[in-house]
Student: 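The structure follows.
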Amino acid sequence: MQENKKNSSGQKPVKQKAQSSAGDKQGQAKKQNPNRQNRKRKSAKNQPSVLEGNEKWQKDMQNAIEANHKIHKDRLEKFSLLNNNTKAKLKITPLGGLGEIGGNITVIETDTSAIIVDVGMSFPTDDMHGVDILIPDFTYLRQIKKKIKAIVITHAHEDHIGAVAYLFKEMQFPIYATPLPLGMLSNKFEEHGLKQYRKLFRPVEKRKVYTIGDIKVEWMHITHSIIDASSLAITTEAGTIIHTGDFKIDHTPIDGYVTDLNRFAEYGEKGVLCLLSDSTNSHKEGITRSESTVGKTFDYIFSKSKGRVIMSTFSSNIHRVYQAISYGLRHNRKVCVIGRSMERNLFTAIDLGYIDLDKSIFIDPHEVNKHNDKEVLIVTTGSQGETMAALYRMATDEHRHIKIKTSDQIIISAKAIPGNEGSVSKVLNFLIKSGASVAYQDFSEIHVSGHAAQEEQKLILRLVKPKFFLPVHGEYNHVARHKETAIKCGIPAKNILLMSDGDQIEVCPKYIKKVKSVKTGKVFVDNQANEKIANDVVIDRQKMAEAGLVMVVAQVNLNEQKLAGRPRVVSYGLVSDKDDRKFSQEMEGVIDQFTINAKKELFQNKRALENELRQVLRKHIYRKMKKYPTIVPTIFMM
């Protein structure tokens, strides 16, 4: 009865026992630790302040907190040292390298002087038929020609120096660069018949400031996938700009010359107006692996190979080539270098003392078959699937001296440049069909990037501490991601601009803004003839590739104003061979009807008559086939 009463009051017997048990445990805990009984529980708001004590203690602590806060602010905002009272300003105009990978060229100018930073080329897309390379449109350079004092080069990759020779065919300026870029440019100038302009070369020393017009430039060593790369410190009355060029932070480079972080920090301490920084790998987290990691992979592949080893990479990646050769020598192999650019770049680096190799280790291509296969290493061009490169010609059995064997080990130590994936895949298929073993992306450390990942980008941002930031070198998604990284590093979003080619940016200590756009674009080049290709030629090729070609030859009797005999119609790439006759007959009928209905005055002007016939055929073919082929009418008047 008592238990039921307790239940009716809402107190369950089970809970009572649990509470009692908990109370017993709490009591036991108190007995075990009697000091806990004397402790007073205090809420967070009643906790004593760490600053409680005498007044001097409180004052000293507060002063230290404020002083440290100021120190942090001062060291992180060194741009406060910039001269806000100056009326000087800078203009920065990228003419290539944004919205794309490659083709890098930027103009930096004051009121009286201008310098060009790099003059690079880029690769064509698949629909640019017969085009080997693209070079920047130099229209803006023509407009400010009298103002330009020099070209300054960051490093010797083709996407930074590949268009210099084409610029020099039109206008010439002093070229300031470290020795390797100048050595490679010397080779290009000789190839293009420009040897007389080597007198304009100005070899520079790193950590030395050069005055060019009213602009001062210092080359600072940076690590990249090519020897002797540099960043630039460009100082004017308006302030200092740091241009990283292409870079990564490699702490164990092959030559031991690590990035000159000290100079970045020193400029950062003086106050930097604006930073332009490489954005190519801005989506990649962490850091980029060291170039030295590739060596272990080479060693492993060489040790397993029973026949010849054929290694292909970028011809400018001298340290990659040097590593392959070094491991080839360890495994007692003779070295054959094939490919004009590969041979030229390698021996230029040897002659200038950048790498130490005895030329007696090399054999010529015609000597390869005189040696046992296991004693041969072939270093060659063609890692991007270029049809004229040596690797492609070997893969298609068109090379004069080297035929691919089933015992060959092929190493492609490069990653496909965006846009070249199809070409690389094509040459891979040829090589695999030949029966050779191919090492490409299946080895994670067969290739490492030369561009900084996010943590390396952050390091440069933190060392330089610029007021303004312009991410460069890459497609829009790359520069946009680099902006996010910069914001995380404390640069306000309002102080960051995302540029496109042709945007002209004006910057001074008080502001950064876009002021106008200048003409930019690409010029097509046939690299075999070293000549430019007119835009309309490439457009015509694209039209013919997409919709075919129709050629018409007709004779017209002027007196009777009608066809004299049957016209001849020939088509290519529009209809199949079996339908060609039917198509020709159909076109003959259209042409016949056209001459019957044509106005009399048209027959007095041959060109006008041909143009009108072209439009009639064009409309008819589109109605029937939904295609706009290239139509070439030729009319003979009788």
Student: Would you check, one step at a time, whether the test side chain to side chain contact (heavy atoms under 4.5 Å, CB included) holds for Thr485 with Lys458?
Tutor: CA-CA 7 Å; Thr485 300; Lys458 290 175 184 177; 3.5 Å; yes

Student: Tell me whether Tyr511 at atom OH has more than 12 heavy atoms from other residues, nucleotides or ligands lying less than 6.0 Å away.
Tutor: yes

Student: Output, in order, the C-alpha distance, side-chain angles, deciding distance and verdict of side chain to side chain contact (heavy atoms under 4.5 Å, CB included) for Ile234 and Ile215.
Tutor: CA-CA 7 Å; Ile234 302 166; Ile215 301 172; 3.5 Å; yes

Student: How many angstroms lie between atom CD1 of Ile115 and atom CG of Leu232, to the nearest 0.5 angstrom?
Tutor: 7.0 Å

Student: Contact between His478 and His283 at the side-chain level, heavy atoms closer than 4.5 Å - yes or no?
Tutor: yes

Student: Flag yes if more than 12 heavy atoms outside Leu167 fall under 6.0 Å of its CG atom; otherwise flag no.
Tutor: yes

Student: Short question: side chain of Thr110, backbone of Ser113 - any donor-acceptor pair under 3.5 Å?
Tutor: yes

Student: Taking all atoms of both residues into account, what is the closest heavy-atom pair of Phe201 and Leu182, and its distance?
Tutor: CE2-O, 3.5 Å

Student: Does Asp356 CG have over 12 foreign heavy atoms under 6.0 Å away?
Tutor: no

Student: Do you know which of Arg263, Lys465, Arg75 makes salt bridge (charged side-chain N to carboxylate O under 4.0 Å, His left out) with Glu269?
Tutor: Lys465

Student: Contact between Thr236 and Leu273 at the side-chain level, heavy atoms closer than 4.5 Å - yes or no?
Tutor: no

Student: Measuring from atom CG of Leu276 to atom CD1 of Ile108, what distance do you get when rounded to the nearest 0.5 angstrom?
Tutor: 6.0 Å

Student: So Ser231 and Thr244, side-chain hydrogen bond (donor to acceptor under 3.5 Å, both in side chains) or not? Walk me through it.
Tutor: CA-CA 4 Å; Ser231 295; Thr244 65; 5.2 Å; no

Student: Kindly give the heavy-atom pair with the smallest separation between Ser122 and Glu100, and that separation in Å.
Tutor: OG-OE1, 3.7 Å

Student: To the nearest 0.5 Å, how far apart are CE in Met121 and CD in Glu158?
Tutor: 6.0 Å

Student: Test side-chain hydrogen bond (donor to acceptor under 3.5 Å, both in side chains) on Thr313 and Ser383 and set out the steps.
Tutor: CA-CA 5 Å; Thr313 189; Ser383 64; 5.3 Å; no

Student: Show the nearest heavy-atom pair for residues Ile254 and Ser292, with the distance to one decimal.
Tutor: CD1-CA, 3.7 Å

Student: Answer yes if the ring centres of His482 and Phe469 are under 6.0 angstrom apart, and no otherwise.
Tutor: yes

Student: Nearest 0.5 Å, what's the OH-NZ distance between Tyr210 and Lys216?
Tutor: 13.0 Å

Student: Ignoring hydrogens and angles, tell me if any N or O in the side chain of Thr223 forms a donor-acceptor pair with the backbone of Asp250 under 3.5 Å.
Tutor: yes

Student: More than 12 heavy atoms of other residues, nucleotides or ligands under 6.0 Å from CD of Glu170: is that the case?
Tutor: yes

Student: Strictly distance-based, threshold 3.5 Å: is any side-chain N or O of Tyr166 a donor or acceptor partner for the main-chain N or O of Pro136?
Tutor: no

Student: Write down the atom of Leu180, the atom of Tyr354, and the distance for their closest heavy-atom approach.
Tutor: N-OH, 3.2 Å

Student: Report yes or no: does Thr348 contribute a side-chain atom to a donor-acceptor pair with the main-chain N or O of Met184 at less than 3.5 Å?
Tutor: no

Student: Between His72 and His69 (side chain of the first, backbone of the second, donor and acceptor by atom type, cut-off under 3.5 Å), is there such a pair?
Tutor: no

Student: Please examine the side chains of His319 and Asp255, heavy atoms only from C-beta on, and report whether any two atoms are closer than 4.5 Å.
Tutor: yes

Student: Between Ser449 and His451, is there a donor-acceptor pair closer than 3.5 Å when you use the side chain of the first and the backbone of the second?
Tutor: yes

Student: Is there a donor-acceptor pair under 3.5 Å between the side chain of Asp246 and the backbone N or O of Gly450?
Tutor: no

Student: Rounded to the nearest 0.5 Å, what's the gap from OG on Ser279 to CZ on Arg481? Could you check?
Tutor: 12.0 Å

Student: What verdict does the side chain to side chain contact (heavy atoms under 4.5 Å, CB included) test give for Ile101 and Glu475, after you've listed the backbone C-alpha separation in whole Å, the side-chain angles of each residue and the deciding distance to 0.1 Å?
Tutor: CA-CA 6 Å; Ile101 302 294; Glu475 298 173 4; 4.2 Å; yes

Student: Which pair of non-hydrogen atoms, one from Ser413 and one from Phe298, has the smallest distance, and what is that distance?
Tutor: OG-CZ, 4.0 Å

Student: Would you say Asn495's side chain and Pro492's backbone share a donor-acceptor pair under 3.5 angstrom?
Tutor: no

Student: Is a donor on one side and an acceptor on the other found under 3.5 Å between the side chain of Glu456 and the backbone of Ala453?
Tutor: yes

Student: Considering the options Arg207, Glu266, Lys206, which one meets the side chain to side chain contact (heavy atoms under 4.5 Å, CB included) requirement together with Asp260?
Tutor: Arg207

Student: Taking the side chain as everything from C-beta on, heavy atoms only, tell me whether Ile318 gets closer than 4.5 Å to Asn345.
Tutor: yes

Student: In the structure I gave you, are the side-chain heavy atoms of Thr293 and Lys296 within less than 4.5 Å of one another anywhere?
Tutor: no

Student: Looking at CG of Asp503 and NZ of Lys516, how far apart are the two atoms once the value is rounded to the nearest 0.5 Å?
Tutor: 12.0 Å

Student: Of all residues at least two apart in sequence or in a different chain, which pass the side chain to side chain contact (heavy atoms under 4.5 Å, CB included) check with Thr139?
Tutor: Asp137, Arg142, Gln143, Lys519

Student: So, do Tyr267 and Thr235 sit near enough that their side-chain heavy atoms are less than 4.5 Å apart?
Tutor: yes

Student: With under 30° as parallel and over 60° as perpendicular, where do the rings of His243 and His473 fit, or are they tilted in between?
Tutor: tilted

Student: Side-chain contact, heavy-atom cut-off 4.5 Å: Ile222 with Phe264?
Tutor: yes

Student: Between the main-chain N or O of Tyr257 and the side-chain N or O of His221, is there a donor-acceptor pair closer than 3.5 Å?
Tutor: yes

Student: Is any side-chain heavy atom of Pro179 closer than 4.5 Å to one of Asp228?
Tutor: yes

Student: In terms of heavy-atom contacts, does CD of Gln504 have more than 12 from other residues, nucleotides or ligands at under 6.0 Å?
Tutor: yes

Student: Before you tell me yes or no, could you show the steps for Asn104 and Val472 under side chain to side chain contact (heavy atoms under 4.5 Å, CB included), namely the whole-Å CA-CA distance, both residues' side-chain angles and the distance that decides it to 0.1 Å?
Tutor: CA-CA 9 Å; Asn104 300 289; Val472 293; over 6 Å; no

Student: I need the minimum non-hydrogen distance between Lys147 and Glu109, along with the two atoms involved.
Tutor: NZ-OE1, 2.8 Å

